Amino acid sequence: VPLQAYGGGLVQAGGFLRLSCATSGNIVSINDMGWYRQAPGKQRELIASITSSSTNYANSVRGRFTISRDNAKNTVYLQMNSLKPEDTAVYYCNENPPPIIVGVDGVRYEYWGQGTQVTVSS
């Protein structure tokens with residue numbers, strides 16, 4: 001299911017942003033959805049995930065970020081409060097774990113949609 005994140009931007013430290021992740025597909029069938037981020041020079045990491053019954057957060061964002069989903073709108077949200085410069089990254093949403101596709105070369109790849117840039121200034 002193609003997923004596109006949007007809502008990023010430039011914000012001062014201590015500020016907030018709300019990211020959204022929309023798809024033309026149906027996320028009801030996807031039990032576990034996640035928000036990921038990739039900072040410059042670092043690997044992509046899972047920072048928040050949500051199922052029908054629970055949410056989980058990385059230590060770095062727990063207490064500041066809130067993940068939610070609206071299955072009727074096929075949308076997943078990430079409310080980010082008390083932003084810090086170290087939150088600067090490209091943010092993605094995806095299934096958890098990410099889906100695997102097989103390329104024409106036979107190599108297996110993780111499938112990712114378009115992310116959104118979040119920049120937090122100090």
Side-chain angles (χ1 to χ4, degrees):
V1 179
L3 295 160
Q4 180 168 337
Y6 57 96
L10 174 63
V11 63
Q12 289 187 334
F16 63 91
L17 283 173
R18 187 193 195 204
L19 305 184
S20 299
C21 173
T23 175
S24 58
N26 191 337
I27 68 170
V28 172
S29 61
I30 304 174
N31 180 54
D32 200 337
M33 293 290 300
W35 279 97
Y36 303 74
R37 69 184 181 188
Q38 186 168 21
K42 296 186 177 181
Q43 288 189 334
R44 188 152 31 200
E45 60 173 339
L46 176 67
I47 58 170
S49 63
I50 183 168
T51 68
S52 60
S53 59
S54 66
T55 56
N56 287 284
Y57 299 92
N59 290 336
S60 57
V61 306
R62 186 175 291 113
R64 300 187 298 123
F65 291 10
T66 302
I67 187 172
S68 60
R69 64 191 290 171
D70 186 336
N71 289 341
K73 295 182 179 180
N74 291 316
T75 303
V76 183
Y77 304 98
L78 185 68
Q79 177 67 42
M80 306 187 296
N81 298 328
S82 302
L83 283 162
K84 305 175 180 179
E86 51 264 43
D87 294 320
T88 295
V90 178
Y91 285 71
Y92 303 84
C93 67
N94 209 344
E95 301 176 39
N96 179 31
I100 300 296
I101 59 173
V102 180
V104 294
D105 54 1
V107 178
R108 295 162 63 88
Y109 300 90
E110 289 185 343
Y111 177 79
W112 292 91
Q114 184 174 334
T116 186
Q117 175 71 46
V118 172
T119 302
V120 184
S121 63
S122 57

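Model, not experiment: these values are computed from the prediction.
- Separating the CD atom in Glu45 from the CH2 atom in Trp35 is a distance of 14.5 Å, to the nearest 0.5 Å.
- Ser60 is listed as a side-chain neighbour of Arg37, based on a closest heavy-atom distance under 4.5 Å.
- Each disulfide (SG to SG under 2.5 Å) pair with one or both residues in residues 13-98, not counting sequence neighbours, appears once here: Cys21-Cys93.
- Of all heavy-atom pairs between Phe16 and Gln79, the closest is CD1-NE2, 4.0 Å.
- Nearest heavy atoms, Ile67 versus Met33: CD1-O, 4.0 Å.
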Residues 115-122, side-chain donor-acceptor partners within the protein, below 3.5 Å, at least two apart:
{"residue": "Thr116", "atom": "OG1", "partner": "Gly8", "partner atom": "N", "Å": "3.0"}
{"residue": "Gln117", "atom": "NE2", "partner": "Ala89", "partner atom": "O", "Å": "3.4"}
{"residue": "Gln117", "atom": "NE2", "partner": "Thr119", "partner atom": "OG1", "Å": "3.3"}

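- The CG atom of Asp87 lies 10.0 Å from the CG atom of Leu17; values are rounded to the nearest 0.5 Å.
- Put simply, the side chain of Asn94 does not reach to within 4.5 Å of the side chain of Glu110, judged on heavy atoms.
- Without hydrogens or angle criteria, Arg108 side chain to Ile100 main chain gives no donor-acceptor distance under 3.5 Å.
- In the hydrophobic cluster analysis, where Ile, Leu, Val, Met, Phe, Trp and Tyr join through side-chain heavy atoms closer than 4.5 angstrom, Val107 is grouped together with Ile101.
- Distance OG1/Thr66 to CG/Leu78: 8.0 Å, rounded to 0.5 Å.
- Interatomic distance, CG of Leu19 versus CZ of Phe65, reported as 8.0 Å (0.5 Å rounding).
- The minimum heavy-atom distance linking Glu95 with Leu3 is given by the pair N-CD1, 4.1 Å.
- How far CD1 of Ile30 is from OG of Ser52: 13.0 Å, rounded to the nearest 0.5 Å.
- Between Thr55 and Ser68 the shortest side-chain heavy-atom distance does not fall below 4.5 Å.
- Note that the CG atom of Asn31 and the OG atom of Ser53 stand 7.0 Å from one another [nearest 0.5 Å].
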Step-by-step ring-ring contact (aromatic ring centres under 6.0 Å, His included) determination, Tyr36 to Trp112: CA-CA 10 Å; Tyr36 303 74; Trp112 292 91; 4.7 Å; yes

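- Residues Met80 and Tyr91 share a closest heavy-atom pair of SD-CE2, 3.8 Å.
- Across all non-hydrogen atoms, the minimal contact from Gly34 to Leu46 is CA-CD1, 4.0 Å.
- Taking all atoms of both residues into account, the shortest heavy-atom contact from Lys73 to Tyr77 is CD-OH, 4.1 Å.
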